[in-house]
Amino acid sequence: MHHLLLTLLLALFTMLGPLGIDTYLPSFPAIAREFSVGPLAVQQTLSVFVLALAAMMLVHGVLSDTFGRRRVMLVTVVCYGLTSLAAAFATSIEMLIFLRGLQGLTAGAGMVVSRAMVQDRYHGADAQRMTAMIMLIFGLAPALAPIFGGWLQLHGGWRASFGFLSVFSLLLFIAGWRLLPETLEPHKRHALKFGVIAHNYATALRHRRFRWMLLSIGLMASAMSVYIGSASEFIVTLLGLSATDYGWLFIPLVGGGMTGAAVSSVLASRLQPATQKRIGFVLLGCACCLNVAYNSFFTAAVPWAVVPISLYTLGLSLLNPLLILQAMGTFPQMRGLASSLQGFVHMGLFSAITGLVVPFLFHSTLALSCGHAVLVLAGMLVWYRAMRISPDEASAQKPRN
């Protein structure tokens, strides 16, 4: 299979999680009105989805190590489509929250398994280039989903967003059934033995450097949840825009990420990873300082309010392919499990920040910028701490098959 076609397919499967998050964001006020609840109740439909997504990420990678990558991808996309269809017919906020939890259980397989599939087939600069290209295409989802979701809300109501997700899942299943290859050969798979799985998870979690790397990546990436989780309040209340104006946040946010992914792909064989990392960290630091400074001295307005966010995602996309590949390379014999842990930490932090932190920040653009900066800078400090730990720690204990 040509690597460009594989890149496109993996990016589409990876989109399921972000589409489930971003497509219905413009419908938050409509959901609140229909079920006569406040914004915090509607916020839980997002938090529960992300929490379920994060929890199941611990399982998707292990299942793909046992049953193969392709099978896990196809089964989960079918389940995602069915739960999306059911959510379109929810009759109460409690029912919607429950169905969103079920939907989240299936939404993270693409993000986890695609990373393992890349490392099954590619190494070094080729793996970095492939990861960056997947991020570049995948970046279209959070950019276009809220804009399209606003159009769906305007013409079909909030239920139309979930109908769209079910149709997208069906089309993706058909494409995957016909085109998606299996990248994990049968003789390299692990038996589904709970004792072995528990041992391998314990091995990974005992590795101090690996733990710190996952926390660092999670903090820097989940800082995006400050703006994604508060998108409705940020766009409509703080910036005074309409439900069809979500592009003012998501196009710059994702545009920076797609630009960074494209640059990372080009630099993969032209620049030393250490140099690219330094550039990425500098961009993240500048973005945080610029964001806090702007919101401290000026009344937030577009386009200036979103320029620092775009700079942040640019730096993050330069860093992420390198940091993720470095973290997963710690355990080359169980890439699925390592990818599961990375995804779990990232989305677990995303869920916690969205549900517990964002409601205390979205009253003010300055509060949002400060919360965002704290998460990013904390992630940078944690990475510095991780790099001061010996990388040879894993040799003490090997995973079991």
Side-chain angles (χ1 to χ4, degrees), residues 54 57 111-112 115 118-119 124-125 127-128 131-132 135 203-227 256-257 260-261 263-265 267-268 271-292 308-332 335 337-353 357 369-394:
M57 277 183 162
M111 289 184 274
V112 171
R115 289 193 291 263
V118 169
Q119 292 212 334
Q128 180 190 338
T131 303
M135 291 176 62
T203 298
L205 292 173
R206 276 196 293 266
H207 193 289
R208 287 194 303 137
R209 194 183 207 217
F210 182 66
R211 292 200 310 267
W212 284 104
M213 286 193 289
L214 295 192
L215 179 59
S216 169
I217 296 168
L219 284 169
M220 288 186 286
S222 61
M224 197 181 303
S225 66
V226 169
Y227 286 100
V263 172
S264 178
S265 178
L267 296 180
L271 199 66
Q272 290 296 320
T275 303
Q276 186 174 324
K277 287 178 188 176
R278 282 195 291 271
I279 294 172
F281 281 126
V282 168
L283 288 175
L284 287 184
C286 290
C288 291
C289 293
L290 181 61
N291 199 19
V292 173
I309 303 172
S310 183
L311 184 61
Y312 153 74
T313 55
L314 172 63
L316 186 67
S317 292
L318 282 174
L319 280 172
N320 253 0
L322 292 167
L323 302 190
I324 290 173
L325 290 172
Q326 184 175 345
M328 290 182 59
T330 306
F331 298 102
R335 296 188 183 102
L337 184 146
S339 182
S340 284
L341 282 170
Q342 190 271 318
F344 171 77
V345 172
H346 175 195
M347 298 311 298
L349 287 170
F350 189 106
S351 176
I353 294 164
V357 178
S369 66
C370 289
H372 178 267
V374 167
L375 291 168
V376 173
L377 296 177
M380 294 168 65
L381 289 173
V382 170
W383 186 265
Y384 174 76
R385 172 71 177 86
M387 293 304 100
R388 295 176 66 84
I389 300 173
S390 170
D392 301 325
E393 198 179 321

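Computed over heavy atoms, backbone and side chain alike; hydrogens, waters and symmetry mates excluded. Remember, predicted model here, so these are calculated numbers, not experimental data. Counting begins at 1 with the first residue of the sequence.
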**Item:** Approximate separation, where rounding is to 0.5 Å, of Ile389 CD1 and Trp212 CH2
**Value:** 7.0 Å
**Prompt:** Going from CG on Leu219 to CG on Leu215, what distance comes out if it is rounded to the nearest 0.5 angstrom?
**Reply:** 4.5 Å
**Asked** In chain order, what residues pass the side-chain contact (heavy atoms from CB on, under 4.5 Å) check against Ile279, with sequence neighbours excluded?
**Response** Leu271, Thr275, Leu283, Leu318
**Prompt:** How many angstroms lie between NE2 in His346 and CG in Leu341, if you round to the nearest 0.5 Å?
**Reply:** 14.5 Å
**Message:** Does any part of the side chain of Thr330, heavy atoms only, come nearer than 4.5 Å to the side chain of Arg209, both counted from C-beta?
**Reply:** no
**Asked** What is the distance from atom CE of Met57 to atom CD of Gln342, rounded to the nearest 0.5 Å?
**Response** 7.5 Å
**Message:** Minimum heavy-atom separation for Gly218 and Ser222, please, with both atom names.
**Reply:** O-OG, 2.5 Å
Distance-only donor-acceptor hits, side chain of residues 371-388, under 3.5 Å, sequence neighbours excluded:
residue	atom	partner	partner atom	Å
Tyr384	OH	Arg388	NH1	3.1

**Request:** Determine yes or no for a side-chain-to-main-chain donor-acceptor pair under 3.5 angstrom, with Ser317 supplying the side chain and Leu314 the backbone.
**Result:** no
**Complete:** Minimal heavy-atom distance between Ala287 and Pro308, with the atoms involved, is CB-O, 3.5 Å
**Request:** Can you sort out the partners of Cys289 under side-chain contact (heavy atoms from CB on, under 4.5 Å), two or more places apart, ordered by chain and number?
**Result:** none
**Prompt:** How far apart are the closest heavy atoms of Asn291 and Ser369, and which atoms are they?
**Reply:** ND2-CB, 3.5 Å
**Message:** If I take atom CG from residue Leu349 and atom CZ from residue Phe344, how far apart are they, to the nearest 0.5 angstrom?
**Reply:** 9.0 Å
Mind listing the side-chain donor-acceptor pairs of residues 319-327 below 3.5 Å, one per line with the distance, residues two or more places apart or on another chain?
residue	atom	partner	partner atom	Å
Gln326	OE1	Lys277	NZ	2.4

**Request:** Of all the heavy-atom pairs spanning Ile353 and Val226, show the shortest one and how long it is.
**Result:** CG2-CG2, 4.2 Å
